[in-house]
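Just so it is clear, the model here is predicted, and its values are computed rather than measured. Here, residue 1 is the first one in the sequence, and each next residue gets the next number.
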Amino acid sequence: MTDMNESDLVPGERRELTMSYHDGRTRRVLVVDHEVPYPDGKLIVSRTDTAGVITHANQAFVDMSGYERDELIGENHCILRHPDMPAAAFKDLWDTVGRGEKWQGYVKNLRKDGAHYWVFATAIPNVRDGRVVGYTSVRRKPSRSKVNECIALYARMRAEELK
């Protein structure tokens, strides 16, 4: 996973942070306070292996992420992790799918250009011959009222994490 580039950013004031990931890697991320609205009538679909490495990305995923398909395939899904998202949300996701259950939640994703977009995500374990071989995630447009609730909730959760 490579650091973000200033040349990719949308105009606006940016924050520069270093993100630490579950596997010990770090990455410089550049965040611009700009929300890209989720398009009506689109579903973002991706598949990953059991380690979270992207194996499939539909065109809506490519379009919303701002990455090219070949930049997504083979990359860990956490490339989209926005620093405003609390770690507890992802722990819950991995704990849930690790039990073989479906997970749903609201997620703020970071685009290649530093902007963000909100989704209502459903992650489902892909089971073959009785064992989990990967995950499918389907994202759809969230309601604005739920996004607003999550903005406040996630800000409180992140503040607690940073104490």
Side-chain angles (χ1 to χ4, degrees), residues 1-46 48 51-54 57 60-67 71-72 75-99 101-124 135-163:
M1 191 172 339
T2 60
D3 290 343
M4 293 177 73
N5 295 313
E6 292 184 29
S7 61
D8 293 326
L9 297 182
V10 294
E13 188 175 326
R14 66 173 174 82
R15 290 186 289 154
E16 181 175 334
L17 303 133
T18 300
M19 296 276 297
S20 297
Y21 299 97
H22 66 281
D23 61 3
R25 288 186 292 171
T26 61
R27 175 179 183 228
R28 180 182 94 154
V29 296
L30 304 170
V31 179
V32 178
D33 188 23
H34 173 74
E35 182 173 348
V36 174
Y38 193 104
D40 291 330
K42 298 282 185 177
L43 289 177
I44 294 173
V45 180
S46 62
T48 68
V53 174
I54 301 167
F61 184 27
V62 172
D63 294 343
M64 282 302 290
S65 73
Y67 288 94
E71 293 177 299
L72 291 169
E75 194 60 69
N76 194 290
H77 213 286
C78 65
I79 193 172
L80 301 172
R81 182 170 177 188
H82 195 285
D84 291 350
M85 284 296 299
F90 296 108
K91 181 179 182 333
D92 182 56
L93 177 145
W94 284 106
D95 288 351
T96 302
V97 297
R99 293 189 304 270
E101 300 170 7
K102 173 177 78 171
W103 178 89
Q104 291 185 308
Y106 294 87
V107 179
K108 182 179 186 178
N109 282 327
L110 179 64
R111 293 169 42 95
K112 181 180 180 179
D113 62 11
H116 67 274
Y117 61 100
W118 282 91
V119 299
F120 179 66
T122 302
I124 304 162
Y135 306 97
T136 297
S137 181
V138 178
R139 277 87 77 205
R140 59 184 175 259
K141 184 175 186 169
S143 73
R144 192 74 236 170
S145 63
K146 283 294 196 180
V147 167
N148 291 339
E149 287 176 27
C150 289
I151 290 170
L153 173 63
Y154 292 171
R156 287 192 306 272
M157 291 172 73
R158 285 290 296 148
E160 284 298 313
E161 288 175 358
L162 297 174
K163 283 186 177 179

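- Note: Ser143 OG to Asn148 CG = 8.5 Å, rounded to the nearest 0.5 Å.
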Inset, instruction - For the pair Ile151 and Lys108, evaluate side chain to side chain contact (heavy atoms under 4.5 Å, CB included) and give the outcome as yes or no after the intermediate values. - result: CA-CA 9 Å; Ile151 290 170; Lys108 182 179 186 178; over 6 Å; no

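- Asp92 is listed as a side-chain neighbour of Trp103, based on a closest heavy-atom distance under 4.5 Å.
- Separation of atoms CE (Met19) and CZ (Arg25) is listed at 12.0 Å; rounding is to 0.5 Å.
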Hey, can you pull the donor-acceptor pairs under 3.5 Å for the side chains in residues 29-39, sequence neighbours left out?
residue, atom, partner, partner atom, Å
Glu35, OE1, Arg144, NH1, 3.3
Glu35, OE1, Arg144, NH2, 3.2
Glu35, OE2, Arg144, NH1, 2.8
Tyr38, OH, Lys42, O, 3.0
Tyr38, OH, Ile44, N, 3.2
Tyr38, OH, Arg139, O, 2.7

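- Applying the salt bridge (charged side-chain N to carboxylate O under 4.0 Å, His left out) rule to pairs touching residues 113-124 yields Arg111-Asp113, sequence neighbours excluded.
- Residues Tyr67 and Ile54 form no side-chain contact, since every pair of their non-hydrogen atoms from C-beta on lies 4.5 Å or further apart.
- Contact between Asp84 and Tyr154 at its shortest, heavy atoms only, is O-CB, 4.0 Å.
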Pairs of donor and acceptor atoms involving the side chains of residues 1-10, under 3.5 Å and at least two apart or interchain, shall be tabulated with distances.
residue, atom, partner, partner atom, Å
Asp3, OD1, Arg28, N, 2.8
Glu6, OE2, Arg14, NH2, 3.2

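- Between Lys146 and Phe120 there is no side-chain heavy-atom pair separated by less than 4.5 Å.
- The heavy-atom pair separating Pro83 from Leu17 by the smallest distance is CG-CD1, 3.6 Å.
- Aromatic ring orientation, Trp94 versus Tyr135: perpendicular (interplanar angle above 60°, classes split at 30° and 60°).
- Within 6.0 Å of atom CD in Glu161, more than 12 heavy atoms from other residues, nucleotides or ligands are found, so the atom counts as buried in its surroundings.
- Distance check: Arg81 CZ to His22 NE2 gives 10.0 Å after rounding to the nearest 0.5 Å.
- Residues Leu93 and Ala123 share a closest heavy-atom pair of CD1-CB, 4.5 Å.
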Inset, instruction - Just do the ring-ring contact (aromatic ring centres under 6.0 Å, His included) check on Phe90 and His77 with the steps written out, would you? - result: CA-CA 11 Å; Phe90 296 108; His77 213 286; 9.2 Å; no

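- Side-chain contact between Tyr21 and Asn76 is absent, with no heavy atoms from C-beta onward closer than 4.5 Å.
- Residues Gln104 and Thr96 are not in side-chain contact: their nearest non-hydrogen atoms beyond the backbone lie 4.5 Å or more apart.
- Salt-bridge formation is detected for the pair Asp40/Lys141: a Lys NZ or Arg NE/NH1/NH2 atom is positioned less than 4.0 Å from an Asp or Glu carboxylate oxygen.
- Proximity of Met64 to Asn109: side-chain heavy atoms (C-beta onward) are nowhere separated by under 4.5 Å.
- Within the 4.5 Å cutoff, side-chain heavy atoms of Ser65 are placed close to those of Leu80.
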